[in-house]
Amino acid sequence: MKSVIYETKGRAREFNELAINLFTGCGHQCIYCYGANVLHQTKDDFENRPRPRVTPDDIARSAEDWAKRGETRRVLLCFVTDPYQPIENDTKLTRQTINTLHTAGLNVIILTKGGHRSMRDFDILTPKDAYATTLTCTTPNQSVIWEPNAALPSERMDALKEAHRLGVETWVSFEPVIHPEYTYDLLDLTHEYVGHYKVGTMNYHPHGKMIDWNKYGYSMLSRLKALGLRYYFKKDLLKEMGLIPSQFKQSWICR
Ligand code: SF4
């Protein structure tokens with residue numbers, strides 16, 4: 001049987017090398033989401049009928065297999081869905097998964113726009129885990145246009161702050177970028193409690209063509225360096241900056 005914990009490929013591998021996708025679909029309904037395309041679903045099915053994709057038994061089997069092989073890399077929850085979208089309130093599948101992976105001796109990276117919803121599982125995260133969120137907008141008005149059912153930016157920042165206070169490693173994905181000015185503001189607002197930033201572009205929405213990525217990339221690089229922060233620049237952005245990814249010195253690689 002195919003393992004539900006899998007090695008990522010391509011752009012996803014720039015986020016993390018191991019992942020599980022717990023759900024098919026996502027009720028956050030971000031307008032730039034590429035999940036439906038990746039999974040060959042209609043947008044309607046993806047957005048309006050999210051459902052568990054794996055069972056607790058699948059997860060336990062897979063976790064034991066990876067642990068037996070001596071795996072030490074953390075497992076990311078999730079890429080093409082959100083572990084704390086609204087249906088997780090009913091399924092509690094994410095909490096179960098974290099417990100199962102911990103029992104097997106594996107650690108997790110939570111990547112979510114669930115904000116306060118995700119904080120209810122902070123009691124089971126440990127300093128060997130990590131907590132990450134995507135930040136795109138600074139105000140509620142901007143956020144509900146682009147990510148209608150996701151937590152508002154202030155909630156996502158609350159969750160980061162609390163994870164940091166608890167000693168859990170934190171990071172932020174600055175991808176997609178909706179407006180460079182929003183991202184600059186988000187960096188100023190969060191850098192005291194965020195361990196690392198992943199800096200990318202906007203690949204899957206025509207709005208991305210309106211942004212000068214070269215200018216944005218160099219501006220972000222100098223801001224991150226001036227603040228003494230750790231960063232990972234995505235290959236797509238490095239290409240826009242005229243840089244060769246293999247020669248660029250990243251200050252943080254996720255494991
Ligand atoms: S939270 Fe992620 S998976 Fe869910 S709709 Fe938004 S971009 Fe897609």
Could you pull out all donor-acceptor pairs under 3.5 Å where a side-chain atom in residues 156-163 meets a protein atom, sequence neighbours excluded?
from: Arg156; atom 1: NE; to: Ala151; atom 2: O; distance (Å): 2.8
from: Arg156; atom 1: NH1; to: Thr134; atom 2: O; distance (Å): 2.8
from: Arg156; atom 1: NH1; to: Glu147; atom 2: OE1; distance (Å): 3.3
from: Arg156; atom 1: NH2; to: Glu147; atom 2: OE1; distance (Å): 2.6
from: Arg156; atom 1: NH2; to: Ala151; atom 2: O; distance (Å): 2.9
from: Asp158; atom 1: OD2; to: His116; atom 2: NE2; distance (Å): 2.8
from: Glu162; atom 1: OE1; to: Arg165; atom 2: NE; distance (Å): 3.0
from: Glu162; atom 1: OE2; to: Arg165; atom 2: NH2; distance (Å): 2.9

Notebook entry, point to check: Applying ring pair (Phe, Tyr, Trp, His ring centres under 6.0 Å), which residue pairs with at least one partner in residues 135-160 are found, sequence neighbours left out?
Noted result: Trp146-His205, Trp146-His207
Notebook entry, point to check: Taking only residues at least two apart or on different chains, which pairs with a member in residues 32-85 satisfy ring pair (Phe, Tyr, Trp, His ring centres under 6.0 Å)?
Noted result: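 For residues 32-85: Phe15-Phe79, Tyr34-Tyr204.
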Do [X] and [Y] meet the criterion of a side-chain donor-acceptor pair at a distance under 3.5 Å?
X     : Y     : result
Ser62 : Ser3  : yes
Thr81 : Gln85 : yes
Asn48 : Gln29 : yes

Write down the atom of [X], the atom of [Y], and the distance for their closest heavy-atom approach.
X      : Y      : answer
Phe23  : Pro83  : CE1-O, 4.0 Å
Gly200 : Lys234 : CA-CG, 3.7 Å
Thr170 : Val194 : OG1-CA, 3.3 Å
Thr91  : Pro52  : CG2-CG, 4.0 Å
Ser219 : Ser222 : O-OG, 3.1 Å
Pro50  : Gly27  : CG-N, 4.0 Å

If you round to the nearest 0.5 Å, how far is [atom2] of [Y] from [atom1] of [X]?
X      : Y      : atom1 : atom2 : result
Glu181 : Thr183 : CD    : OG1   : 9.0 Å
Asp65  : Glu71  : CG    : CD    : 12.0 Å
Tyr218 : Leu237 : OH    : CG    : 9.5 Å
Leu125 : Ser118 : CG    : OG    : 8.5 Å
Leu111 : Ile109 : CG    : CD1   : 8.5 Å
Glu17  : Leu76  : CD    : CG    : 11.5 Å

Hey, is [X] close enough to [Y] for a salt bridge, meaning N to O under 4.0 Å?
X      : Y      : result
Arg69  : Glu64  : no
Asp121 : Arg95  : yes
Arg117 : Asp82  : no
Lys9   : Glu7   : no
Lys235 : Glu14  : no
Arg74  : Glu169 : yes

Item checked: Test log, rule side chain to side chain contact (heavy atoms under 4.5 Å, CB included), inputs Ile59 and Leu93 -> CA-CA 10 Å; Ile59 297 161; Leu93 186 57; 4.1 Å; yes
Checklist line | Residues that His196 engages under ring pair (Phe, Tyr, Trp, His ring centres under 6.0 Å), provided they are two or more places apart | finding: Trp252
Note to self: Checking Phe122 now: which residues fulfil ring pair (Phe, Tyr, Trp, His ring centres under 6.0 Å) with it, not counting sequence neighbours?
What the structure shows: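 With neighbours one apart ignored, the set is Tyr131.
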Note to self: I want to know whether Tyr197 and Tyr231 have ring centres closer than 6.0 Å.
What the structure shows: no
Margin query: Using the rule side chain to side chain contact (heavy atoms under 4.5 Å, CB included), only one of Ile145, Ile178, Leu186 pairs with Cys137; which is it?
Written below: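 Exactly one option meets the side chain to side chain contact (heavy atoms under 4.5 Å, CB included) with Cys137, and it is Ile178.
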Notebook entry, point to check: Between Val144 and Ile31, is there a shared hydrophobic cluster once you connect ILVMFWY residues whose side-chain heavy atoms come closer than 4.5 Å?
Noted result: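 No, because Val144 and Ile31 fall into different hydrophobic clusters, even though each may have its own neighbours under 4.5 Å.
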Notebook entry, point to check: In terms of hydrophobic clustering (I, L, V, M, F, W, Y; side-chain heavy atoms under 4.5 Å; direct or indirect links), are Leu152 and Tyr182 co-clustered?
Noted result: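 Shared cluster, no.
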Backbone of [Y] reached by a side-chain donor or acceptor of [X] within 3.5 Å:
X      : Y      : result
Ser143 : Thr139 : no
Gln41  : Asn37  : no
Glu47  : Asp44  : no

Check: Between Thr97 and Leu77, does a side chain to side chain contact (heavy atoms under 4.5 Å, CB included) hold up when you go through it step by step?
Finding: CA-CA 9 Å; Thr97 302; Leu77 318 177; 4.2 Å; yes
Next item on the list: State whether Tyr184 and Arg223 meet the cation-pi test: NZ (Lys) or CZ (Arg) under 6.0 Å from the six-membered ring centroid, and within 45° of the perpendicular axis.
Entry: yes
Check: Does the side chain to side chain contact (heavy atoms under 4.5 Å, CB included) test come out yes or no for Val177 and Thr201, once each step is laid out?
Finding: CA-CA 6 Å; Val177 175; Thr201 59; over 6 Å; no
Item checked: Steps toward side-chain hydrogen bond (donor to acceptor under 3.5 Å, both in side chains) verdict (Asp45, Thr42) -> CA-CA 5 Å; Asp45 190 36; Thr42 62; 5.0 Å; no
Check: Can you list the steps and then say if Asn107 with His102 is a side chain to side chain contact (heavy atoms under 4.5 Å, CB included)?
Finding: CA-CA 6 Å; Asn107 300 303; His102 282 174; 4.2 Å; yes
Measure the shortest side-chain to side-chain distance between [X] and [Y] over non-hydrogen atoms and say whether it is less than 4.5 angstrom.
X      : Y      : value
Leu135 : Thr190 : yes
Leu229 : Leu187 : yes
Lys225 : Leu221 : yes

Note to self: Can you list everything that forms a salt bridge (Lys or Arg N to Asp or Glu O under 4.0 Å) with Glu155? Sequence neighbours excluded, please.
What the structure shows: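 Per chain and number, Glu155 pairs via salt bridge (Lys or Arg N to Asp or Glu O under 4.0 Å) with no residue.
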Notebook entry, point to check: Any chance NZ of Lys92 has more than 12 other-residue heavy atoms, nucleotides or ligands included, within less than 6.0 Å?
Noted result: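 Counting neighbours around NZ of Lys92, more than 12 heavy atoms of other residues, nucleotides or ligands fall under 6.0 Å, so yes.
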Next item on the list: Answer yes or no: are there more than 12 heavy-atom neighbours, outside Lys43 itself, under 6.0 Å from its atom NZ?
Entry: yes
